[in-house]
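As structure tokens, the structure follows; a few thoughts come after it.
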Amino acid sequence: MEIECPLWAFRQITKTWKITQSKGDSYIAKKSIPIYKAETPLVSFFRLGSTSVSKSQLMNSLINDRHSTFFHRNCAGSTKSQHLLNGVAEIAWYCPAGKPNDAFNDCIAFCNLHGDAVVIEKQREILTEKSSFSVVLVPNLQKDDQNWSILSAFFKSKKPLICLIVDDTCGAIEIKKGKYKMGLKDRSHSDVSEQLKRIIQDILSSQDPSIPKTSFQLETMAEVSGIKVDESDPICQNGKSAAMKLANVLQNKDVSKIKDDFLPCQGHLWHEWCKLNKELYNLKGHIEMEKSKKQGQLMEIRKNQCAASCSELMKLFIESLSLLPSKDKEYFLRWTQIVTDALSADDMSSILQDYDDAWSEFLTLKNKHTMAELLESKKNKVECLSEKLQSATFGLEHFFRELGQLYEAHKTIHAENRNGEWSQYPKLAADLLISGHPLELMDGDAGHVPLKWISSLLEEVIKKLGDQKVFVLSVLGVQSSGKSTMLNAMFGLQFAVSAGRCTRGAFMQLVKLSDEIKRNMKFDYILVVDTEGLRALELAGGATLYHDNELATFVVGVGNMTLINIFGENPAEMQDILQIVVQAFMRMKKVKLSPSCLFVHQNVTDIAAAEKNMDGKRRLQEKLDEMAQLAAKEEVCDAQCFSDIIKFDVQKDVKYLAQLWEGSPPMAPPNPGYSESIQELKSIILSKASKSEGITFSQLSTKIQDLWNALLKENFVFSFKNTLEIAVYRKLEDQYGNWTWAIRSNLLTIENQLYNRIENRQLNKIESNDLFNEARKTYGEVRKAMSEYFENEKDKEILVQWRGRFENKIKDFQNDLVRVVKRKLDEVIQQKDARKKLDDQKALFENKLLQKSKELAQQLKDKAKDEKELQKQFSSVWSIWVAELTNDTKSVEDINLEDDLLTILEDLGMEQALMVDCKASGRYKRISDMGDYADYVIVPKNQDQSETSEQSETKKENKDTRNQNKSFFKSLFGVFFGRCLSAQTEQQKSYSALSYEDQKQVRQLIESVVAESLKAIKTKPVASRGYASTYLSEMAKLEKDKVADFKSKWKYPLKNEFTVDLLLYVFDLAKSWLLESQEQFKRNTDALTYLESKKMQYYNIFKSFCKGSSSAVVLGELICEKLKASIVEAVYNKTAIALAGEMKCNFPAFSGNRLNLEKHVLESLAEKEEFDGFMKYIRNPQSQAEVFIKAEVQKYISINPKDKAKKTQTIFQKHIEDINKNVGEALFVATQKVRTQHGNTNMWLKEFFSLLKDELKIESICGQNFSDINDLNFLQEETNKKLKSVMKEISSFSAYTMNKSRQKPEEILIDQLCKCCWVKCPFCSAVCTNTIESHSPDDHSVPFHRPSGIKGWHYRGTVEMSINFCTTNVASDRSFHPCHDSETSIPFKQYRTGGPKYAEWRITPDESKLAYWKWFVCRFQKELEEYYGLKFEGRGKIPDDWKIISKTEAIKSLDEMYE
């Protein structure tokens, strides 16, 4: 039978004990050694024959009389047969506590061979050989007994022996040197035990050289012949072989220098990088220069890390991870941990001893209120020992930390090279995490989270497992309070637990749920996050509280549930940790994260005492409420109790755990109640977790980055940017755009149908309810789609916060759109009413013209083939016919807006010479885009030029021009409206007479006047009632009154040139609308214009009659002629909606949310590189976005003949075919119906037009002149034939015609895409990118801000432009003046206190890495300086690293807006 030794199992065990040593003054030494390496005496116990006394029970009384260390015959479940235990040798170690009542002074191993040693010969021989001495239990000492020969061998051996005789009553007798016998009959266990302890102690302490002193080391069992150790398994040996390669490299190395020599990336370089990275968020002085400098230093560190490359040690480690099979890899990692632990064990023990002594001395002196110098000296000694302890700490986690740093360095420097060996490192770590190996989440030594490493690691996990859901369980508690032990016992984890290797930072371990548990859960894994203890002694010093707050906030934020581990029951001892924890939960509440918590009291003496537990819960509740109030003051939050911060029930969310040990370690036995308590706690956790949705791996990765990025900054709450929530909101914005488009496109279609009904006199009044009824179906479908999205989307837990708001927004959107459609249709009705007189005359006109054409044709039948003669004859009589028909109607006169404006300006008191001068200069055309308005201002002579700047414009004085008469002024207007006059050169001076705030106020006045004036003029009923000069007069008066009101409140007088230029500018904008509206009015109401438009139509009828065509042929031609314009209008209107829909869905710039549009606008501006375009965008982003949309639509429909134009033609052709089909069906249905009813031509016309009333705008035809038509089938055929000709004629898409249509794709898209938020950042004018126009209570925000100098910000009293990003400013120690005349400055970190316009913005500190605006500043530096009359110098000097950014890089950086 083969004997096995489970040596591998013993590799995992470390024993700790204390021994009292006497060298002069006695002192206690502490030892902590892996048990397989411990060299201790071994006392082996044997039983020879059958005895009435239990050997195992006797041994238990020696080691621990309160616990059955060895299984014996009197234990529950024992049997007489002993089939399982016979021949089994068990070993246990007695570990002294360094106390007077210790049974033994040093560690001793006790081995118990179960069964009769007489028959278990092989085991007996091996143990006898290995033991320091033996204890033999025999029934008696009779020489003729079969046991005597074996016993005789023991007596002959040089090793000591204790012979216990069951049936003898003798006392303890030393027969000869080292040989003892003792009878057990009629003696108590305790008496025997005490005597045995004395004998063993005497033997071990004996100085007699004749007694051999041997020690036992468990590891040597592998060398014993005849024993098979479990480590001999090939898989284990493969792992050991790989680990020993590492050990060979480290052989004879100073453990405190191993990390510096072999793992250089994680030491000084990494710590320095972390320090610099944190400093980026608290910049001082010239912050952009400082930031560029630090970013350069960070890159240099990464380069140095890359240069350090892989040491031989790391190469071997990575090679083993890459090549070994998964099982071998597990053994390799275990062996590596064993090797590294062995290297540092001795050093760690001595340093820990020194640390404990120094710390005890420090506390003693502190309690005695010793002198500060001595106290400081002792404190420095403790800190030095702490650093030494960190240097000597070397474990498996340092290999992975180095792996992470190598990866981060290479990814930063060699981001383009994805094929390097370093790119595989996350895969290696991901495999280990999936297999259940703990990995470091936060580096405890540097106090930093390696974000790139963690992010890439989780990406690899997703690739291997899919983006599955995980429940994150984190734990917080004081140091050495049993957190790791609790987690290990609960989930079978492997977190480090021994006192010498407490957790530093945070580690994560993945636990896969069993199929049985998974059935009740909404996730597949639990990720357990273990942390270092709060108030850790190693971190004693000024940074302790900050580090603890940082750690607690991070861990609470990451977890779906946090276990708050409290050691003991005294609330006073809990106070510090509770305050930290409560503050962390309060921060989560303020950033809209909702983790749950569970308080765990460990080491509670009597968990069954309900009354005591109730009292403990009450005290905990009181302390939590007290801490909540304290934390509320610090975090500026309204909270009176802990329940105001987080959902908490003290009855359900507090759990008491029994003590782990029954008594005091190291010899205290484990408490069975502890395991029971752990299982109860696990059940509670799983029960609470079953109600959680969990979080996907990708969401976890994002959350880790968000939390850590916010913690790097000074104010966590204001700095926290929930990237996951932002991404979900952006996706919701995309959906919102799709929902609103569905409603808009439907209402546009309804509008077209109702428009046709109105034009066809089928409808003369529109009610809102009618529109709602028409739109009900689509609106219902949208609401259903919304419900499904909010209920079924994977991020529905995040979406729920916006559901009510977006449902209301959709409702408001439809209501607003219905109002717009109703207003437009009401205007159509008004216009229809306005031309009622003309419409009533049309039938008469057309009847007479048709009759006259027919008569004239009869006269000229013989000249039917002479086209020229026919044209001549028809033209000669046409003007006579028109004159007869319009004899009693008055024509609409043309208008002269230039004359009206001149008169109005003179009436307002403007000098004619001034008007001529302003008009000639052309300066008014740029009034909205000027950088400096100083030329319009009369500045006092004593103005302090050192604090302002002045800009002047060279003007050409010409007295002759000022004396020109009115006719010349009119001619100037004529020249202007025909072409643009070039602006004269502007010369910039060093200063402007106006401050930045003054310039801003003038600009706001211009924008306000322009907006209100255009709004006022466009409300006038020009299209329905015609133009009146009073409209212009009212607009001009409105402008003058607003300027006058501004003048009365402003500190500087404005020149009259400003008022004139502003009036000219607004008139220029309004002119095209007035002329177009007046033209429409003329077309709708002027009979002469209408008849002239019909000349060609009646000439064609006249020709047909001349050629002898039948009435059916002529009527078919007439119908198609009348339908032609209507078909064109209908096709282009439908194409406009369809094109807008096509571009909204598939054109990249229009297919997303507001942020997507912003990205493409900026990209377009960069491609063009036109400074004026940029400045128009900065001043009026909405207007520039509209310009961009128009330009893109025009390009889409006209420029690319291969792709986009082909798509446009396809859409256009589809609508032509649809209308052709509808008209054809109407012809067929009308013909069949009228034939069935034996109707006439008139009836056929009415039926035909009735069928098309929703599709086309139709001019009626009087059937009186076609009463001779009898064959309606022939009429149908002729009309169809002519219709084909018409369709062919209009079959090619025309961008020109599209631009003249009622519905235009660009206008539809502008309405769809530009109805969003356009509020600008008060610092840099970056535009809020929220798709919702009014998105309160959400703050305004933008992914990236800009250098504030782009807007014109500069340092007060200088011409130095500011290049600082506001996102950098809010992380600095700088201040700003909220108003131009404010004497009080406000720290940027408190920018929200600057007033409403600042308070409604959320500006999170970041590194402002977006290269786009840095490129812009460098590319247009000269233009910006000239525009504002300022300089990029001094504090505004542009950093050198900005200047190397190319346009390509700038455009590419816009993609970061989505990251």
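Here the side chain of Ser474 pairs a donor or acceptor atom with the backbone of Val555 at under 3.5 angstrom. Looking at Asp530, its side chain never comes within 3.5 Å of a backbone N or O of Phe507 through a donor-acceptor pair. Side-chain N or O atoms of Lys452 include none that pairs as donor or acceptor with a backbone N or O of Ala409 at under 3.5 Å. Of the possible polar contacts, none joining the Glu440 side chain to the Glu397 backbone as a donor-acceptor pair under 3.5 Å is found. A donor-acceptor contact shorter than 3.5 Å is absent between the side chain of Asn277 and the backbone of Trp273. A donor-acceptor pair under 3.5 Å links the side-chain atoms of His398 to the main chain of Gly395, judged by distance alone.
A side chain to side chain contact (heavy atoms under 4.5 Å, CB included) with Val600 holds for exactly one of Ile566, Ile564, Asn565, Val475; it is Asn565.
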**Prompt:** Given Val558 and Met442, is the side-chain contact (heavy atoms from CB on, under 4.5 Å) satisfied, shown in steps?
**Reply:** CA-CA 12 Å; Val558 167; Met442 175 192 278; over 6 Å; no
**Message:** What verdict does the side-chain contact (heavy atoms from CB on, under 4.5 Å) test give for Thr14 and Ser32, after you've listed the backbone C-alpha separation in whole Å, the side-chain angles of each residue and the deciding distance to 0.1 Å?
**Reply:** CA-CA 7 Å; Thr14 298; Ser32 184; 3.6 Å; yes
**Item:** Residues Lys15, Lys31; criterion side-chain contact (heavy atoms from CB on, under 4.5 Å); working and verdict
**Value:** CA-CA 8 Å; Lys15 285 287 186 179; Lys31 287 190 176 182; over 6 Å; no
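Counting only N and O atoms by type, the side chains of Asp625 and Gln621 include a donor and acceptor under 3.5 Å apart. Checked by atom type, the side-chain pair Gln305/Arg302 shows a donor-acceptor distance below 3.5 Å.
Note: Tyr94 and Phe104 have perpendicular aromatic rings, judged against thresholds of 30 and 60 degrees for the angle between ring planes. By the 30° and 60° cut-offs, the orientation of the rings of Tyr656 relative to His601 is parallel.
For the atom pair CG of Leu473 and CD of Gln509, the computed distance is 12.0 Å after rounding to the nearest 0.5 Å. Taken to the nearest 0.5 Å, the CE atom of Met627 stands 12.0 Å off from the CZ atom of Phe642. Note that CD1 of Ile258 is 9.0 Å distant from OG1 of Thr340, once rounded to the nearest 0.5 Å. From Asp341, atom CG reaches atom OG1 of Thr336 across 10.5 Å, with rounding to the nearest 0.5 Å. Here CG of Leu280 is found 12.5 Å from NZ of Lys278. Values are rounded to the nearest 0.5 Å. With values rounded to the nearest 0.5 angstrom, Cys274 atom SG is found 11.0 Å from Leu269 atom CG.
Aromatic ring centroids of Phe400 and Phe317 lie under 6.0 Å apart.
Sequence neighbours left out, the pairs with a member in residues 262-277 that pass salt bridge (Lys or Arg N to Asp or Glu O under 4.0 Å) are Lys275-Glu279.
The 12-atom threshold is not exceeded at NZ of Lys293, counting heavy atoms of other residues, nucleotides or ligands nearer than 6.0 Å. More than 12 heavy atoms of other residues, nucleotides or ligands lie within 6.0 Å of NZ in Lys213, so this atom counts as buried by the packing criterion.
Put simply, the side chain of Glu402 reaches to within 4.5 Å of the side chain of Pro264, judged on heavy atoms. No side-chain heavy atom of Trp453 sits less than 4.5 Å from a side-chain heavy atom of Gln405. Considering only heavy atoms from C-beta on, Asp102 comes within 4.5 Å of Lys99 through its side chain. Side-chain contact between Pro595 and Val556 is present, with heavy atoms from C-beta onward closer than 4.5 Å. Looking only at side-chain heavy atoms (C-beta outward), Thr1368 and Phe1388 stay at 4.5 Å or farther from each other. Taking 4.5 Å as the limit, every side-chain heavy atom of Gln602 sits out of range of all side-chain heavy atoms of Thr485. Between Gln295 and Leu276, the closest side-chain pair of non-hydrogen atoms is not below 4.5 Å. With a 4.5 Å cut-off on side-chain heavy atoms, Thr40 and Asp106 do not count as touching.
Minimum heavy-atom separation, Leu204 to Pro41: CD2-CB, 3.6 Å. Contact between Asn105 and Pro96 at its shortest, heavy atoms only, is O-CG, 3.7 Å. Minimum interatomic distance between Leu406 and Cys310 (heavy atoms only, all atoms of both residues): CD1-SG, 3.5 Å. The two residues Lys253 and Phe262 make their nearest non-hydrogen contact at CE-CZ, 3.9 Å. Ala668 approaches Glu662 most closely through the heavy-atom pair CB-O, 3.6 Å. In plain terms, the two heavy atoms of Ser1375 and Pro1387 that are nearest each other are OG-CA, 3.6 Å.
For Glu626 and Lys623, the salt-bridge test passes: some basic side-chain N is under 4.0 Å from an acidic carboxylate O.
Evaluation of the side-chain hydrogen bond (donor to acceptor under 3.5 Å, both in side chains) rule for Arg1374 yields no partner, not counting sequence neighbours.
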